[in-house]
Amino acid sequence: MTQESQAVNSSVTLSMREGVEIIEIQNQYACASVSTFGATVLSYTPVGQADLLWVSKDAVYDQSKPIRGGIPVCWPWFGRSQIEGYPAHGVVRNKVWRLERTETAEDGTTSVTLVTFADDATKVYWPHEFKLSLTVEVGAELNVTLTTQNLSDVSVDITEALHTYFQIADPRGLVIDGLEGSVHVDKLVENADPETQKEPLVLQPAKDSVYFDQHDDINIEDRGHGRVINICKQHSQSTVVWNPGPEIVKGFSDMDDDAWLEFVCVESGNVFDNAVKIHPHSEHSLIVTYSIKNS
Ligand code: TA6
């Protein structure tokens, strides 16, 4: 279905994909796309490379649920809420954000900033005033900054993550290094004891582990695509590694049974015990830079 597109500037156009508005970015470095629904980066394809990100071919674009893939924004909590009926991964990945500004840097990098604020819907679950901004910088690297502004008169504690789905040639035996030395908990094992990661992780799906007090750069050795994906993060204490594997994937209506063979989630944020306290009228930014090196 062809959709009319509207040019914002020479690098940015707006179009619709079914019920979702898409911000399309194209410059000398890469092309990328971001949905205003959930402020979800859906693709980042540097010139000469495969897309960094994975989106399910069964993803839903009618705003009835978060888009499966790309970089969903988990905020102001990560994971399942302790409160029955509250949405998993918070309240902003399934609402429409506003495109606040676009900028072109001197080196030709294109940035777009999307914002969202507290409203009646968010206050049902989280009774605080806030401004949340996501700035996506598309250049030789992909830089994503999630900034929380606490507009209330009380301190708030948040957990958060950029829940990034990386397109991978084969997750079986995938080597992920940079987690060494951090303490991880396996969420697939009830009451699992924390363990210290001693070696680079060799992924054997299914995997759902949280790495605490983890600060180092992470390298994902995507050998099948002849590349290494580097994750460099600032103000992030946690990393989550997730791949549902062949059985758990069957429980997701927006992924087919083989989808687990196409991606790995390596999520940068501040989750569970690594919560962030933001004082009244203060702010906090989670910053992640993704880059690709040929291997
Ligand atoms: O980050 C891993 C995880 O928390 C998994 O436990 C799984 O639930 C995944 O996120 C996807 O969650 P979603 O709510 O997007 O289906």
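Atom set for the values below is all heavy atoms of this structure, side chains included, hydrogens, waters and symmetry mates excluded. Predicted, not measured: the structure shown is a model, and the values here were computed from it. Whatever order the structure lists them in is the order used to number ligands and atoms, beginning at 1.
- Between Phe252 and Trp242, a ring centre-to-centre spacing shorter than 6.0 Å is recorded.
- Atom numbering of ligand 1 starts at 1 in the shown order; those under 4.0 Å from a heavy atom of Phe252 are 16 (O).
- Rounding to the nearest 0.5 Å places CG of Leu134 at 8.0 Å from OG1 of Thr145.
- Looking from atom 16 (O) of ligand 1 to the surrounding protein, the closest heavy atom is Arg68 NH2, 2.9 Å.
- By the 4.0 Å N-to-carboxylate-O rule, Lys57 lies close enough to Asp256 to be salt-bridged with it.
- When the options His163, His89, Arg93 are ranked by their closest heavy atom to atom 15 (O) of ligand 1, first place goes to Arg93.
- Counting protein heavy atoms only, atom 1 (O) of ligand 1 is closest to Glu267 OE1, 2.7 Å.
- Checked against Phe130 for a side-chain contact (heavy atoms from CB on, under 4.5 Å), the options Asn150, Thr116, Val156, Ile278 give a single hit: Thr116.
- On a distance-only criterion, Lys187 and ligand 1 share at least one N/O pair closer than 3.5 Å.
- Closest non-hydrogen pair, Ser35 versus Leu42, comes out as CB-CD1, 4.0 Å.
- For the atom pair CZ (Arg80) and NE2 (His89), the distance works out to 6.5 Å, reported to the nearest 0.5 Å.
- Listed by number with element, the atoms of ligand 1 under 4.0 angstrom from any heavy atom of Arg80 are 8 (O).
- Short contacts between ligand 1 and Asp208, defined as distances under 4.0 Å to a heavy atom of the residue, involve ligand atoms 2 (C), 5 (C), 6 (O).
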